[in-house]
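Letters A, B, ... mirror the listed sequences (proteins, then strands); counts begin at 1. None of the values given here were measured: they were computed from a predicted structure.
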Amino acid sequence: MKDLATQLKELNKIQPSTQWKDSSKQAILAKISESSPKKMSLWAEFLYFAKLSGNLFQSFVMKPVGTMALVAVLVLGGGVLKVTADNSLPGDLLYSLKTGGEKMQVALIFNEEKRVQARLKIINERINEINTIIANKEKDQEAKTIMALNNFHRDFLPVQEDLVSVSGSTEAIRIARSVEDKTNEFGFILNKTQDKTGDLAQSDIKKAIDDVNRANFRALEVLVVGGDDDSQIAKKIDTKIFEAEGSTTNGEALAKLDEARLELENLNFVVALQKIKESSQLVEAESNSTSSEEVIDEAGVVKGESTSTVWTIEESNKFLNESSTPEVIK
Amino acid sequence: MDRIREKILLTKIQAGDKESFGDLYDLYLEKIYRFIYFKVSSVSEAEDLTSEVFLRVWQYIQDDVEVENIRAFLYRVSRNVVIDFYRKNHGKETIDIDDHEIVDNLRADNLLEKIDLNTQIKDLMGKLDLLKEEYREIILLKYVEEYTTAEIADIMGRSKGAIRVLSHRALEALKKEATS
């Protein structure tokens with residue numbers, strides 16, 4: 001006869017059927033997808049970040065010293081408040097003021113090129129925040145890093161959209177040059193940051209690097225389609241091939257890169273880019289088959305999800321066809 | 001570490017991230033199902049009510065209901081869902097443990113083991129049924145789910161001291177039933 005504690009432990013063998021588990025999950029996710037996406041107000045966002053940082057908001061409002069400090073900051077005037085907000089990090093009391101100000105700033109810019117520049121500056125700030133959080137080793141560091149990376153992703157999306165919307169316009173080349181240049185810089189910094197980031201934030205930083213790589217490739221395609229300086233384009237594509245060669249040992253992928261180099265030598269830039277993409281897809285497919293074996297951690301948060309760093313062939317062709325313009329912009 | 005993970009999950013869900021809600025579902029489905037099954041003793045009712053719990057939790061979070069501890073919140077919602085269920089079904093026939101359903105849903109390697117486990121579980125569930133509601137709950141959380149005293153205190157909204165006393169009394173009461 002087993003002892004009572006052992007018998008009780010065996011009650012955890014009571015489980016729902018696997019079939020029901022899966023179907024119920026699908027039904028629940030489908031149902032919640034029907035509900036409209038949540039739009040957070042500035043105030044809600046403010047409370048949300050405050051809560052994440054360990055109820056900072058409550059601490060400030062509830063504790064007399066905190067209240068006094070808050071009043072003092074308000075009395076000292078907008079200038080001081082702005083400086084404080086500018087230096088704030090996700091989870092800080094004034095962070096929503098900072099991001100709200102940024103949104104306002106971008107909304108007031110009507111020149112597309114300048115708007116993209118402003119967005120790139122904001123993204124640069126997000127990267128600074130990520131690195132500051134990591135360097136400061138603050139409380140809830142990983143949670144804050146993930147928040148900062150999510151903010152990065154959120155702020156990066158409009159840049160990718162801008163790249164599509166400007167293609168064919170007179171500013172396209174200049175915008176693509178800025179994006180290409182900055183994304184090279186962002187990619188370099190984020191790759192270095194990845195080594196210092198904890199396990200929980202790894203999937204988010206990978207997503208951020210994917211965002212950057214994707215935008216970088218799109219920018220290069222805009223430059224190719226727009227007819228930027230041949231020698232500059234050739235150099236950039238050559239660098240892409242070189243980097244891709246260094247990051248894989250997959251024979252098929254390397255063969256594609258050889259083909260890309262051949263096309264590059266013949267100045268067939270579009271085809272060369274296509275070959276690089278095909279090579280990346282082969283590497284990605286290989287990596288997906290490996291990552292699918294990755295064990296889901298006990299919290300189920302980190303998982304071997306596939307991430308796409310480049311467009312699919314269909315996406316790419318669609319983009320190149322839509323972007324093609326008979327007028328070559330020099 | 002778990003607390004940080006749950007905090008991250010909660011913050012993502014609060015931002016409307018459905019994928020994270022799927023992760024939460026995977027993480028707690030079985031525990032919540034068992035919690036409810038212990039209270040309603042019917043597989044089909046436990047399934048329906050468990051789904052309802054997750055839908056309600058999503059809706060509450062999207063409606064900006066303040067949630068500090070997602071695990072405690074899930075159990076609180078589960079408790080309320082079961083209370084609502086009994087209110088609605090007040091006066092209807094009592095739900096008994098369904099032998100066939102338990103056997104089908106048990107994790108066991110072979111049929112004999114399943115039958116043996118089924119008998120054992122049926123017997124134990126019968127004895128647990130004789131205990132007070134809060135004793136049943138604490139036995140499930142402590143001995144079946146193996147939560148720590150602090151975790152149970154969060155879930156039940158009681159002090160750690162109260163949980164220690166309660167779990168001791170619950171186990172004594174169960175032993176008494178087992179030997180009677």
Side-chain angles (χ1 to χ4, degrees), chain A residues 2 4-18 20-21 23-33 35-41 44-45 47-49 51-52 54-55 91 140-147 150 154 198-201 204 296-303 305, chain B residues 1-2 4-12 14-27 29-31 33-34 37-38 43 46-47 50-51 54-55 58-59 61-62 64 66 68 102 104-108 117 120-121 123-125 128 139-140 142-146 171 174-175 178:
Chain A
K2 291 172 186 168
L4 197 55
T6 314
Q7 284 184 51
L8 285 169
K9 210 173 163 183
E10 287 193 331
L11 289 181
N12 74 6
K13 287 181 178 165
I14 296 176
Q15 291 196 339
S17 69
T18 313
W20 175 79
K21 271 198 276 189
S23 62
S24 166
K25 184 178 180 180
Q26 279 171 12
I28 288 171
L29 292 180
K31 193 144 190 169
I32 65 175
S33 293
S35 58
S36 55
K38 189 181 176 184
K39 278 268 174 201
M40 275 203 288
S41 65
E45 208 173 39
L47 285 174
Y48 167 61
F49 286 126
K51 192 163 60 185
L52 178 70
N55 293 324
D140 290 340
Q141 182 191 308
E142 281 210 290
K144 284 184 181 178
T145 307
I146 288 172
M147 287 311 303
N150 284 342
R154 178 199 64 203
D199 290 345
L200 288 174
D204 293 273
I296 297 172
D297 75 4
E298 62 179 289
V301 175
V302 182
K303 55 185 184 182
E305 61 187 72
Chain B
M1 200 60 182
D2 280 350
I4 295 176
R5 283 191 184 130
E6 285 181 2
K7 210 170 200 176
I8 291 166
L9 214 50
L10 176 61
T11 50
K12 285 186 170 182
Q14 282 169 327
D17 183 352
K18 295 177 181 76
E19 200 182 319
S20 294
F21 192 73
D23 291 338
L24 180 79
Y25 176 92
D26 293 338
L27 195 58
L29 175 78
E30 288 179 7
K31 290 175 191 293
Y33 172 86
R34 269 194 295 273
Y37 182 80
F38 258 56
V43 170
E47 286 176 351
T50 304
S51 298
F54 281 95
L55 283 171
W58 169 263
Q59 201 49 54
I61 293 175
Q62 299 315 301
D64 291 330
E66 195 174 338
E68 286 295 328
I102 293 178
D104 272 2
N105 288 287
L106 276 176
R107 240 189 347 192
L117 266 171
Q120 187 184 314
I121 283 172
D123 185 43
L124 203 52
M125 291 282 284
L128 282 165
I139 281 174
L140 170 77
K142 190 173 171 67
Y143 299 100
V144 182
E145 305 301 350
E146 298 182 304
L171 193 63
L174 183 62
K175 275 181 189 166

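Neither the backbone nor the side chain of Lys142(B) comes within contact range of chain A; no heavy atom of the residue lies under 4.5 Å from a heavy atom of that chain. Proximity to chain B (any heavy atom under 4.5 Å) is shown, for Ile28(A), by both the backbone and the side chain. Looking at Glu146(B), only its side chain comes within 4.5 Å of chain A, counting heavy atoms on both sides.
Minimum interatomic distance between Glu47(B) and Ser17(A) (heavy atoms only, all atoms of both residues): OE2-OG, 4.4 Å. When every heavy atom of Leu29(B) is checked against every heavy atom of Pro16(A), the shortest pair comes out as CD2-CG, 4.2 Å. Closest of all the heavy-atom pairs between Asn12(A) and Val144(B) is N-CG1, 3.5 Å.
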Next item on the list: I would like to know whether Leu29(A) and Trp58(B) meet side chain to side chain contact (heavy atoms under 4.5 Å, CB included); could you show each step before the answer?
Entry: CA-CA 10 Å; Leu29(A) 292 180; Trp58(B) 169 263; over 6 Å; no
Next item on the list: Check the pair Ser24(A) / Phe54(B) against side chain to side chain contact (heavy atoms under 4.5 Å, CB included), numbers first and verdict last.
Entry: CA-CA 10 Å; Ser24(A) 166; Phe54(B) 281 95; over 6 Å; no
Check: Checking side chain to side chain contact (heavy atoms under 4.5 Å, CB included) for the pair Thr11(B)/Asn150(A): CA distance, chi angles, key distance, verdict?
Finding: CA-CA 11 Å; Thr11(B) 50; Asn150(A) 284 342; over 6 Å; no
Checklist line | Evaluation steps, side chain to side chain contact (heavy atoms under 4.5 Å, CB included), between Leu140(B) and Leu11(A) | finding: CA-CA 8 Å; Leu140(B) 170 77; Leu11(A) 289 181; 6.0 Å; no
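If you take CD on Gln15(A) and NZ on Lys31(B), they are separated by 10.0 Å, rounding to the nearest 0.5 Å. For the atom pair Phe21(B) CZ and Lys25(A) NZ, the distance stands at 10.5 Å (nearest 0.5 Å).
Per-residue heavy-atom pair counts under 4.5 Å with chain A were compared for Leu174(B), Leu171(B), Leu128(B), and the maximum is reached by Leu174(B).
A donor-acceptor pair under 3.5 Å is absent between the side-chain atoms of Tyr143(B) and the main chain of Lys9(A), judged by distance alone. Side chain of Arg34(B) to backbone of Ile14(A): a donor-acceptor contact under 3.5 angstrom is found.
Side-chain atoms of Ile32(A) and Gln59(B), non-hydrogen and from C-beta on, never get closer than 4.5 Å to each other.
In this view, Lys21(A) and Glu30(B) satisfy the side-chain hydrogen bond (donor to acceptor under 3.5 Å, both in side chains) rule, not counting sequence neighbours. Among residues two or more places apart in sequence or in another chain, the side-chain hydrogen bond (donor to acceptor under 3.5 Å, both in side chains) test is passed with Ser20(B) by Asp17(B).
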